[in-house]
2 protein chains.
Amino acid sequence: MNLKQLAHMLALSQTTVSRALNGYPEVNEETRRRVMDAAKRHGYRPNPSARRLATGKSGMIGYVLPTGAAVDIDPHFVEFLSGLGDYARSHELDLVLSPADADDQETTYRRIVANRQVDAVYISSPRPADRRVALVNTLGIPFIVHGRSEGFDFDYPYLDIDNEGAFHEAARLLVQLGHRRLALINGDDRETFAIHRERGLRRALAASGLTLGDRHVCSVVMTEENGYRAARRLLEQDGAPTAIACSSLIMALGVVRAVRDLGLSIPGDVSLIAHDDVFPWLKPENFSVPLSTTRSSIRLAGARIAERLAARISGLEEGARGEVWPVDLVVRASVAGAPA
Amino acid sequence: MNLKQLAHMLALSQTTVSRALNGYPEVNEETRRRVMDAAKRHGYRPNPSARRLATGKSGMIGYVLPTGAAVDIDPHFVEFLSGLGDYARSHELDLVLSPADADDQETTYRRIVANRQVDAVYISSPRPADRRVALVNTLGIPFIVHGRSEGFDFDYPYLDIDNEGAFHEAARLLVQLGHRRLALINGDDRETFAIHRERGLRRALAASGLTLGDRHVCSVVMTEENGYRAARRLLEQDGAPTAIACSSLIMALGVVRAVRDLGLSIPGDVSLIAHDDVFPWLKPENFSVPLSTTRSSIRLAGARIAERLAARISGLEEGARGEVWPVDLVVRASVAGAPA
DNA sequence: CGGCGAAGCCAAAGCGCTTTGGAAGACTCT
DNA sequence: AGAGTCTTCCAAAGCGCTTTGGCTTCGCCG
């Protein structure tokens, strides 16, 4: 059942039927009702391919997926997807993933924009002065950044959590508990979130006249193994930290293992706080010693981004609105006063 | 730059240019070269929307993503995606994710097929007599099942690993080591993979005149917490198992925690083998006691499925070819002889 | 040498929608 | 009554590609 047939059986022109269905004002309400009715009764659904060709809109949102033999997709991604799905599901909004060589995403961005494959895109794990952000900005496709970039001469829409504030609070707590030597096991420090977290932590230390030693900070891909290695390195050195802030639950798993291997204990010898993006399959309260966390649901962020992208596509949201979510500090047994 | 312009500047008809570009035989090789050349030089790329409308092919593969407030996307999914991306990246093949209410995926399948949004789909986590499989089979869209369904009166193409064989081998090893009371911590037993694993394990036991007690098998969503709970329940009962087979690394994490909480040890009191889909962020050799596993890379499976879908789309693969990959049994320190 | 098949090209008709540019009729206003 | 103004609808022209159904031209064969 296509438009032509529907129009014919209603004894109307395609124009009128099309306009009636798409809510244009220049059609009699009575007529519109008739059309809507017939459309529903016959299960008419406009052919998206045809509509795309005519309008240039696809009704999908896009994401360029960095891939490569040496590239692993972050497990956080599924949680984000769950959130995106939560919104998209009820709005018949599809997501198209365009895998791209991690070292050359630009080509892919250009392709999906030139081809008008999607109406909007989102960008995740941004770095300062991220080229992707600059690119989509000039390409003129609606977009939202999940996280923040920095150092542009233009503003852009984003959704980020208060990473700096989160790690500031976490560090402040540790300092209040008497810790003087803190360490940070961070994610890739070329990414903004990691920079912000380090900044927050340093700020809290500075407020008490403390500093973060060079040998007390590391930046690694967030795996269990890297968490383990980093923790061992930190704890085996002279002047080992008495408290560790860690950028992910998965790394924290490795930290806990390292602490145990070294015959130390949490929180007796070392306090631990990690950031928790809220995975359903790994919960901080279930760590052998319940883990203190800075918590923010990445799933909710996914839903919100889908919502805002939809709003931007339909013109309801405009401009470079930035949105920063606060992060909860959840104190559990893994932190305690500094050892004497 | 569109076809019309290109044709005009070559003083050829659109027909000829189109055919030249698409490799049709009825065009002079000399002409074809000229056309190809000009196309490349001017960076001409056929408009996909137009092509879609004309041909009905979209050049994308689809996946219906089950979502819902109570539904969590499996973290295995990202690894699968990585693999899919590995292949798709170099073939300009995009993946469209259509989020659907987990309880009503049929509507979405019908929509994406009716709309011709994608050229092929894959189905994951199938159950016996899975309705999705029956549906896409009748809808007539090319598809591949990742995993296996059962109990149809038709065959279908799939890619699965030898779950039964894997758990058969694992159990056989444990029995050889003298274990008489095995337990299984399985995933959702409505899914085929779980059924196959249980079957493999039972078969190995039966071969030695043993059985799997009702109270020695559990089926849960594969989270760390569920692994913990299941293990506690198993180990605290009378006639506790001396060996546990576990369907995922994440659950194994919980099992290890439970064993420790109970003051027991691996492999002294209980041997443990888990299935490993190969995550980059959590490796069995890094468990506090290196974990024995049945191993099969889900990432490779993703790449293979992308490859086969592409082959089916272009007509290179036909029929109901089933492909079953063997699974490695990797023995590490977590298994030992049964306690006296 | 006439006829015939193959090679190589083209004009035009789709694909199914949106949108432009009216046009007819009804209504208002002076 | 005539001129303007809405309201409501329509025919037709895109959108940019593929594909159908010819139409030439040329070489080959009997």
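Every chain is numbered from 1 and lettered A, B, ... according to where its sequence line falls, protein lines coming before strand lines.
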* What integer distance in Å separates B:Leu3:CG from C:dA11:P? -> 13 Å
* Structure fact -> Taking for B:Arg51 and for A:Thr16 the nucleotide of DNA chain D with the nearest heavy atom, the one nearer the 5' end belongs to A:Thr16
* State yes or no: are the ring centers of A:Tyr122 and A:Phe80 separated by less than 6.0 Å? => yes
* Asked: Which part of the nucleic acid does A:Arg52 contact within heavy-atom distance under 4.0 Å: base, sugar-phosphate only, or nothing?
  -> nothing
* Closest approach of A:Ala100 and A:Thr108, non-hydrogen atoms and distance? -> CB-OG1, 3.2 Å
* Taking all non-hydrogen atoms of both residues, which atom of B:Arg89 and which atom of A:Ala69 are closest, and how far apart? -> NH2-N, 4.4 Å
* Note, A:Ser98 side chain near A:Arg111 side chain (heavy atom, < 4.5 Å) -> yes
* Could you check whether the rings of B:Phe143 and B:Tyr156 sit parallel, tilted or perpendicular, using 30° and 60° as the cut-offs? => parallel
* Which heavy atom in B:Arg312 sits nearest to a heavy atom in B:Glu318, and how many Å separate them? -> NH2-C, 4.0 Å
Just the atom pairs and distances: protein N or O near nucleotides 23-27 of chain C's N or O, under 3.5 Å.
none

* To do: Assign each of B:Ala54 and A:Thr55 to its nearest nucleotide of DNA chain C by heavy atoms, then name whichever residue's nucleotide is nearer the 5' end.
  => B:Ala54
* Report yes if the side chains of B:Asp188 and B:Phe193 come closer than 4.5 Å at any heavy-atom pair, otherwise no. => no
* Report the residue from B:Asp160, B:Thr192, B:Asp130 that forms a side chain to side chain donor-acceptor pair (under 3.5 Å) with B:Arg148. => B:Asp160
* Asked: So, A:Ser18 and A:Tyr24: side-chain donor and acceptor under 3.5 Å apart, yes or no?
  -> no
* What pair of heavy atoms forms the shortest contact from A:Ile305 to A:Leu159, and how long is it? -> CG1-CD2, 3.5 Å
* Side chains of A:Leu21 and A:Tyr44: does their closest heavy-atom pair fall under 4.5 Å? -> yes
* Walking along DNA chain D from 5' to 3', note the first and the last nucleotide with an atom under 4.0 Å from a heavy atom of chain A, and give both. => D:dT8 to D:dG16
* To do: Pull out every residue in residues 26-40 of chain A that has a heavy atom closer than 4.0 Å to any atom of DNA chain D, ordered by number, or say none.
  => A:Glu26, A:Val27, A:Asn28, A:Thr31
* For B:Ala11, answer base if it contacts any base atom (sugar-phosphate contacts may also be present), sugar-phosphate if it contacts only those atoms, and nothing otherwise; contact means non-hydrogen atoms under 4.0 Å. => sugar-phosphate
